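As structure tokens, the structure follows; a few thoughts come after it.
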Number of protein chains: 2
Amino acid sequence: MSNSCDDLVPPGADPLTCCVPLSREPISPEQATSVVPMLKAIADPARLRLLSLVLSHEGGEACVCDLLPHFDLSQPTISHHLKVLHEAGLVDREKRGTWVYYLARPAAMEALAGLFTADTGAARTAVGA
Amino acid sequence: MSNSCDDLVPPGADPLTCCVPLSREPISPEQATSVVPMLKAIADPARLRLLSLVLSHEGGEACVCDLLPHFDLSQPTISHHLKVLHEAGLVDREKRGTWVYYLARPAAMEALAGLFTADTGAARTAVGA
DNA sequence: GCCGGATATCGACATGTGTCAACATTGACG
DNA sequence: CGTCAATGTTGACACATGTCGATATCCGGC
């Protein structure tokens, strides 16, 4: 049932529009429109790296001060990219005192993986259930 | 060994730069740079739909004339999007007489799925091997 | 309460991108 | 070989996007 599609999509999109492999049936224009923001979010070198840094960081979370040193970009630019990732539903945001932590969203990753999974039946429910 | 990373990447990028889950370790700037074109290619509603149409079409292939009717876009625009998908290594191109067929590239799909796969060990080699 | 550090927002700028109309190219078929 | 249908290429345009500096906001410590 609840296979990570439920609370995935960011505010404003219908929750059922993901998780269907692209190869199973033609994705509808509406589905495409609602998935694309997530893809746009990761289709940038800085943001892809930021996401990977958060995902692979201890506990699946990292504060901005952990991330900044990895880039030659200004702090506002990093902040902007993190906002994009957050608004796309790929990472959560949590404020702890002076610091802001960004947290991985495993459900979002599963949804993306599901998009590209071959529709072989066996592979589709392997991870989730 | 040959786990779909070999002949994946389009001309000009090193072939080993994909297939490592984002959550396993921070993706390197170089890896990011070489994967991003693929992500950019699908981060557009028209192209995502085109890719899905090709993938889900009978035999994993479709000619331009099959695709055109699904869109309100001009033929040159569709042609442009297909070129982007092809140059990103997501679909192959095959000319048959007057028609041009675009073919799905399962290896590319696996590579993308692998990017977002949780690094749980079990899940990583589930589909491929 | 004030100061300093961490992060976000704003405004501006250069560059990239999606789209089209016009045209070029290719191949089938008489 | 000339015509037509299918597809690709080019140039131009509006719009989105990545980046920065300047500034604002929030919070902890003194």
Side-chain angles (χ1 to χ4, degrees), chain A residues 10 12 27 29 32-54 57 61-88 90-103, chain B residues 10-12 29 32-54 57 61-88 90-103:
Chain A
I27 190 174
T33 301
S34 84
V35 177
V36 156
M38 226 180 310
L39 297 173
K40 274 192 190 304
I42 56 174
D44 175 274
R47 287 196 295 265
L48 188 64
R49 288 183 57 206
L50 281 169
L51 178 60
S52 182
L53 282 166
V54 170
H57 203 266
E61 60 176 51
C63 84
V64 181
C65 57
D66 291 327
L67 303 170
L68 270 179
H70 289 87
F71 297 85
D72 282 336
L73 301 170
S74 70
Q75 173 267 322
T77 298
I78 297 295
S79 186
H80 163 68
H81 284 315
L82 287 169
K83 184 181 183 181
V84 172
L85 287 174
H86 176 56
E87 287 179 342
L90 292 171
V91 295
D92 273 329
R93 215 184 87 105
E94 196 171 304
K95 195 160 190 176
R96 301 182 194 161
T98 310
W99 296 274
V100 173
Y101 282 75
Y102 285 85
L103 295 82
Chain B
T33 301
S34 85
V35 176
V36 156
M38 225 180 311
L39 296 172
K40 275 192 189 302
I42 56 174
D44 175 274
R47 288 196 294 266
L48 189 65
R49 289 182 57 205
L50 280 169
L51 179 61
S52 182
L53 282 166
V54 170
H57 203 264
E61 60 176 50
C63 84
V64 182
C65 58
D66 291 327
L67 303 170
L68 271 180
H70 289 88
F71 296 85
D72 282 337
L73 300 171
S74 71
Q75 174 267 321
T77 298
I78 297 296
S79 185
H80 162 67
H81 285 315
L82 287 169
K83 183 181 184 179
V84 173
L85 286 173
H86 178 230
E87 287 178 342
L90 293 171
V91 295
D92 273 331
R93 216 184 89 104
E94 196 172 304
K95 195 161 190 175
R96 300 180 195 162
T98 309
W99 295 274
V100 173
Y101 282 75
Y102 285 86
L103 295 82

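Residue numbers begin at 1 in each chain, while the letters A, B, ... track the order of the sequences. Quick caveat, the model's predicted, so the values are computed rather than measured. We use all heavy atoms of the structure for the numbers below, so side chains are in, but hydrogens, waters and symmetry mates are not.
Without hydrogens or angle criteria, A:Thr33 side chain to A:Pro29 main chain gives a donor-acceptor distance under 3.5 Å. Within the 3.5 Å criterion, the main-chain N or O of B:His81 finds no donor-acceptor partner in the side chain of B:Arg47.
Side chain of B:Pro76, nearest nucleotide from C:dG5, C:dT9, C:dA21: C:dA21. Among D:dC26, C:dA8, C:dT19, the nucleotide with an atom closest to any side-chain atom of A:Lys95 is D:dC26. In this structure, the nucleotide among C:dA8, D:dT7, C:dT17 sitting nearest to the side chain of A:Val100 is C:dA8. The side chain of B:His80 lies closest to C:dG18 when the candidates are C:dG18, D:dG8, D:dT19. Distances from the side chain of A:Tyr102 to the nucleotides C:dA8, C:dT19, C:dT7 place C:dA8 closest. Listed nucleotides C:dG27, D:dG8, C:dT7 differ in distance to A:Arg93; the shortest reach to its side chain belongs to C:dT7.
Heavy atoms of B:His81 sit under 4.0 angstrom from primed sugar atoms or phosphate atoms, though from no base atom. Residue contacts shown for B:Phe71 are absent, as no nucleic acid heavy atom lies under 4.0 Å away. Contact annotation for B:Tyr101: no contact, since no heavy-atom pair falls under 4.0 Å across all strands. Looking at heavy-atom distances under 4.0 Å, B:Leu73 makes contact with sugar-phosphate atoms alone, never a base.
At least one side-chain nitrogen or oxygen of A:Lys83 sits closer than 4.0 Å to the OP1 or OP2 atom of C:dT9. Taking only side-chain nitrogens and oxygens, A:Thr77 comes nearer than 4.0 Å to OP1 or OP2 of D:dC20. Taking only side-chain nitrogens and oxygens, B:Arg96 never comes nearer than 4.0 Å to OP1 or OP2 of C:dG27. Put simply, B:Arg47 has a side-chain N or O that comes within less than 4.0 Å of OP1 or OP2 on C:dG18. The shortest distance between the side-chain N/O atoms of B:Thr98 and the OP1/OP2 oxygens of C:dG27 is not below 4.0 Å.
Comparing A:Asp66 and A:Lys40 by the nucleotide of DNA chain C whose heavy atom lies nearest to each, the residue mapping closer to the 5' end is A:Asp66. Between A:Gly97 and A:Ala43, the residue anchored closer to the 5' end of DNA chain D is A:Ala43, taking for each the nucleotide with the nearest heavy atom. Of the two residues near DNA chain C, B:Asp44 and A:Leu82, the one whose nearest nucleotide lies more 5' is A:Leu82.
Rounded to whole Å, atom P of C:dG16 lies 16 Å from atom CD of B:Glu87. Rounded to an integer number of Å, the gap from CD1 of B:Ile78 to C1' of C:dA21 is 16 Å. For the pair B:Glu94 CD and C:dG27 P, the interatomic distance rounds to 14 Å; values are reported in whole Å. Atom CG in B:Leu85 sits roughly 12 Å away from atom P in D:dG8 (whole-Å rounding).
Looking at heavy atoms from C-beta onward, B:Leu50 lies in side-chain contact with B:Leu82 at the 4.5 angstrom threshold. Using a 4.5 Å heavy-atom threshold, the side chains of B:Ile78 and B:Phe71 count as touching. Residues B:Leu53 and B:Asp66 fail the side-chain proximity criterion, which asks for heavy atoms closer than 4.5 Å.
In this model, a side-chain donor or acceptor of A:Gln75 finds a partner on the base of C:dA8 within 3.5 Å.
With rounding to the nearest 0.5 Å, the separation of CD in A:Gln75 from CG in A:Leu67 is 12.0 Å.
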